[in-house]
Undergrad: 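Handing you this structure, nothing more for now.
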Amino acid sequence: MLEYIKGLNEAQKEAVLHINGPLMIVAGAGSGKTKVLTTRIAHLLSTGVDAFNILALTFTNKAAREMKERVERILGNNEARNLYIGTFHSVFARILRAEAPKLGYPHHFTIYDTDDAKSVVKTVVNELNLDDKHYKPNIVYNRISQAKNGLIGPAEYATDYYIQQEDARSNRPAIAQVYEAYAKRCFKNGSMDFDDLLLKFYELLKHFPESLHKYQHKFKYILIDEFQDTNPAQYEIIKLLGAVYENVCVVGDDAQSIYSFRGATIENILQFQKDYDDVKVVKLEQNYRSTQSIITAANEVIKRNKGQIPKNLWTENIEGEKIRLVRTMTDNDEGKYVADTIQEQKLRNHFNNRDFAILYRTNSQSRAFEESLRRMNIPYTIYGGISFYQRKEIKDFISYLRVIVNPSDEESLKRIINFPARGIGKTTLDKAVLMANENNISMWAVLCNAASMGFKAGTLEAIEQFVQMIKSFASMLNTKNAYEVATHVGKQTNIVRELFNDKTTEGLARYENIQELLNSIKEWVDNQQNMALIDEDGILIDNRDTQETQKGQAGLSGYLQQITLLTDTDQKDPEADTVKLMTIHAAKGLEFSCVFAAGLEESLFPNAMSINTREELEEERRLFYVVITRAKHKLWITYANSRYRFGSVIQNDPSRFIEEIPEDQLDRSYAGGGIKNQVGSWSGRPAYDRLNRGYGSGDDAATKSRESAKPTYISSSAKTPAPVHIPSLDFAPSDTSHLAAGDKVEHQKFGFGEVVRMEGSAHNPIATVNFKLGGEKKIMLNYAKLRIIKES
DNA sequence: CGTTACCAGATTTTT
DNA sequence: TCTGGTAACG
């Protein structure tokens with residue numbers, strides 16, 4: 001008997017012991033899915049499969065890391081390090097890094113995150129002379145992304161009847177052109193967005209038979225986690241890779257499909273069974289995670305969705321407590337209630353902080369919980385929200401590093417060309433872009449040949465200095481590791497010193513962020529140098545082609561390559577003894593003893609953006625299913641009568657999902673009117689309570705919230721406007737070239753005054769004027785308009 | 001050219 | 001409330 005098989009149930013064993021041929025595991029929530037996957041990998045290895053031939057794909061780095069660790073634990077040796085486990089995006093990025101030149105991209109292509117991509121969309125929309133009010137980058141980008149995830153290129157997009165109909169209907173018929181221009185621009189920039197990592201890898205396999213052959217034979221065994229969240233691009237890639245051996249194992253749960261907005265489709269589950277003969281299907285239906293009460297509630301909720309794979313999730317666990325429904329007056333009260341309850345539960349039932357999770361629909365809900373937890377001194381960790389790498393100062397710094405590695409990256413180049421200010425302003429930038437487009441060369445090339453481009457002398461000097469600086473940084477790439485280059489850049493550009501000298505609170509925070517970035521680069525470098533090169537067979541990374549031969553893997557380009565694919569979820573330690581705050585999406589795959597499902601209100605959850613079609617609503621319901629099934633022992637569902645949004649109060653009805661939980665699993669005793677008294681001792685912002693008039697009336701929630709969107713009683717701190725001078729009717733700027741001290745003048749805004757003294761140089765004269773209203777001001781005569789009233 | 005002050009618009013989820 | 005874009009000022 002194999003040691004690792006012990007403790008598996010029959011279905012689990014069946015899945016683990018299946019070695020060759022396609023396998024589909026339908027794994028209900030909490031049914032031991034990860035255990036099965038990892039044990040199966042261990043089993044494959046112990047039956048003689050070479051670790052180098054196994055590919056396991058997940059959706060998050062966290063899941064990948066966990067899988068790797070668990071396999072290691074089962075095996076008890078370090079054979080697991082040779083496995084190819086990672087996210088779709090990171091694995092493909094890594095392969096593309098070696099193969100990109102076949103597709104015309106540089107080895108060191110830049111990976112654009114969503115913000116970068118939207119910014120490119122925006123420039124392209126403007127260059128096509130389209131109205132960016134109508135062609136909003138967000139909408140256009142999503143449309144393009146959706147197309148890419150469906151493996152639809154610009155040409156096909158432009159000719160697809162239904163797509164064109166849709167765009168015509170939304171009055172955005174030019175999206176096809178934008179798509180084409182966008183793709184061209186990214187290519188010219190030597191960069192790929194997230195979707196390109198899939199699309200381009202697909203193209204590689206499709207158009208280069210020798211590459212296809214290579215990876216088909218490398219990855220003899222393929223495992224896919226969270227299969228319900230794959231999109232058509234991912235599906236087709238797997239299909240290509242697995243076509244020879246057909247040892248493809250997919251694990252998924254259609255009830256937990258929550259990423260259709262990103263192009264994922266449950267169809268893939270059905271398609272899988274059509275595309276392969278003899279798919280072995282194993283259902284894991286026994287839940288080991290939650291109480292019966294929770295499972296019953298979850299089953300009842302999900303039942304309301306149409307068209308599911310029939311399955312029956314059950315558990316042998318105890319019945320457990322009922323689900324507590326909690327109503328509070330405001331979002332702050334909700335936060336307070338949750339923090340209080342956590343405190344109480346810790347004392348009463350000896351829970352640790354890490355046993356609690358507060359899960360919500362939107363990131364913006366985190367604030368109320370943050371405040372109340374901080375007030376109670378309960379340690380917490382927030383996942384998601386604005387990632388570290390999206391902060392302005394970090395992006396700026398990273399942009400330097402990107403330009404050094406890939407100067408074609410116009411997006412990054414534009415960010416840093418005048419940061420810190422070096423006299424290359426908007427005018428110059430526009431000119432450079434124009435010339436790049438006209439001559440069909442990169443902006444970098446324009447800058448390199450600035451001398452022949454007719455810039456003004458001062459500007460030219462600034463540009464040449466900038467180019468020289470970047471070139472000198474780039475020359476370090478061959479000999480220095482990422483950390484060495486980064487610190488050098490920080491010093492030479494003065495970024496670090498400038499932030500250091502900024503003593504404002506924000507400046508301090510920014511300085512610390514940069515330091516943290518440098519530290520993390522250092523850490524990464526150290527890690528890389530300790531790590532053996534796992535690709536001994538030389539298939540994936542061909543070091544001869546990269547600049548990293550001398551420094552192992554620790555080069556700057558390697559660092560940049562992975563940084564974009566990192567989410568802050570991946571950086572935080574899940575074992576830390578803190579309360580976890582995150583969106584439900586981010587909580588997929590996790591479990592907690594005690595879960596607070598917060599903000600169960602109409603228009604928040606289900607979210608107003610997602611109730612237009614049956615499909616959307618069903619996805620929201622699956623999200624609700626996911627949040628319920630995160631809980632092991634205790635589950636609270638909370639909602640507030642009113643909450644702050646954009647600085648004003650809105651009111652929502654309780655979520656329709658609440659009623660979908662069977663009454664006998666629900667403890668409503670916390671949902672009465674008594675909550676106000678319970679939390680009354682604590683008044684976050686007393687003004688709120690006066691606002692909560694007439695909740696629970698049968699009014700249409702949507703109308704109500706819209707009407708109350710701009711309450712008049714919240715007066716934003718009224719600032720008295722500075723006294724404005726009304727210029728004389730006959731105000732006309734005088735010739736000020738002979739202005740002298742003692743002259744009486746009028747200024748459009750500052751009013752009347754007298755010139756105190758003259759300074760500055762001949763071509764940039766500055767007059768110090770003492771105004772009756774505003775006191776002394778320095779006026780630059782080259783720009784400011786003054787009327788001379790009386791010469792002295 | 002660079003800085004500041006004001007106003008509009010945004011929030012659904014994420015690799 | 002916060003951010004980004006723009007206009008006006010120096």
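Here is how names work: the chains are called A, B, and so on, in the same order as the sequence lines, proteins then strands, and each is numbered from 1. It should be emphasised that the depicted structure is a prediction, and the values quoted were computed from it without experimental measurement.
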Undergrad: Distance to the ring centre below 6.0 angstrom and angle to the axis at most 45 degrees; does that hold for A:Lys580 and A:Tyr383?
TA: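 No, cation not above the ring by the 6.0 Å, 45° rule.
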Undergrad: Provide, to the nearest angstrom, the distance between the CG atom belonging to A:Asp115 and the P atom belonging to B:dT15.
TA: 13 Å
Undergrad: Mind running side chain to side chain contact (heavy atoms under 4.5 Å, CB included) on A:Phe466 and A:Leu413 for me, showing each step along the way?
TA: CA-CA 11 Å; A:Phe466 173 75; A:Leu413 187 55; 3.8 Å; yes
Undergrad: Whether A:Lys122 contacts C:dG5 is assessed here as follows: a side-chain N or O lying under 4.0 Å from the phosphate OP1 or OP2. Is that the case?
TA: yes
Undergrad: Using modelled atom types and a 3.5 Å cut-off, is there a donor and acceptor pairing between side-chain atoms of A:Asp116 and backbone atoms of A:Asp113?
TA: yes
Undergrad: Using atom OH of A:Tyr141 as one end and atom P of B:dT14 as the other, report the distance to the nearest whole Å.
TA: 14 Å
Undergrad: What would the secondary structure line of DNA chain B be in dot-bracket form, counting Watson-Crick and G-U wobble pairs under 3.5 Å, with [ ] for pairs that cross earlier ones and | for pairs with another strand?
TA: ||||||||||.....
Undergrad: B:dT15 P sits how many Å from A:Tyr383 OH, rounded?
TA: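 Roughly 13 Å, once rounded to whole Å.
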Undergrad: With no hydrogens and no angle check, do the side chains of A:Asn305 and A:Tyr625 hold a donor and an acceptor under 3.5 Å apart?
TA: no
Undergrad: Find the distance A:Ile224:CD1 to B:dT15:C1' and express it as a whole number of Å.
TA: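 Those two atoms, CD1 and C1', are 15 Å apart.
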Undergrad: If we ignore angles and hydrogens, is there a donor and acceptor under 3.5 Å between the side chains of A:Glu236 and A:Gln234?
TA: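 There is no such pair between these side chains.
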Undergrad: CD1 of A:Ile563 versus P of B:dT15: gap in Å, rounded?
TA: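 About 14 Å, once rounded to whole Å.
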Undergrad: Take A:Thr427 and A:Leu566, find for each the nucleotide of DNA chain B with the closest heavy atom, and name the residue whose nucleotide sits nearer the 5' end.
TA: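 The residue mapped nearer the 5' terminus is A:Thr427.
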Undergrad: Using whole Å, report how far CG of A:Leu429 lies from P of C:dT6.
TA: 13 Å
Undergrad: With sequence neighbours left out, write down each residue that passes salt bridge (Lys or Arg N to Asp or Glu O under 4.0 Å) with A:Arg656, or none if nothing qualifies.
TA: A:Glu602
Undergrad: Quick one: does A:Ser642's side chain have a donor or acceptor within less than 3.5 Å of a partner on A:Val649's backbone?
TA: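 Flag not set: sc A:Ser642 to bb A:Val649 has no pair under 3.5 Å.
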Undergrad: Could you state the NZ-C1' distance from A:Lys200 to B:dT15, rounded to the nearest angstrom?
TA: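 After rounding, the gap between these two atoms is 18 Å.
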Undergrad: Between the side chain of A:Glu334 and the main-chain N/O of A:Ala598, is any donor-acceptor distance below 3.5 Å?
TA: no
Undergrad: Would you classify A:Lys62 as touching base, sugar-phosphate or nothing, given that sugar-phosphate means primed atoms plus P, OP1 and OP2, and contacts are heavy atoms under 4.0 Å?
TA: nothing
Undergrad: By the 4.0 Å heavy-atom rule, please label A:Asn418 as base, sugar-phosphate, or nothing.
TA: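 A:Asn418: backbone/sugar contact only, no base atoms under 4.0 Å.
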Undergrad: Under a 4.0 Å threshold between the charged nitrogen and the carboxylate oxygen, would A:Glu203 count as salt-bridged to A:Lys200?
TA: yes
Undergrad: Protein within reach of the bases, or only the backbone? For nucleotides 7-13 of chain B, mark each nucleotide 5' to 3' as B, S or -, using heavy atoms under 4.0 Å.
TA: ---BBBB
Undergrad: Distance check needed: B:dT14 P versus A:Lys148 NZ, whole Å only.
TA: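 One finds 21 Å between P of B:dT14 and NZ of A:Lys148, rounded.
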Undergrad: Under 4.0 Å between any heavy atoms, over every strand shown, what does A:Thr428 touch: base, sugar-phosphate, or nothing? Just pick one.
TA: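 Sugar-phosphate, no base atom in range.
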Undergrad: Judged by each residue's nearest nucleotide on DNA chain B, which is more toward the 5′ side, A:Phe59 or A:Thr459?
TA: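 Per heavy-atom nearest nucleotide, the more 5' residue is A:Thr459.
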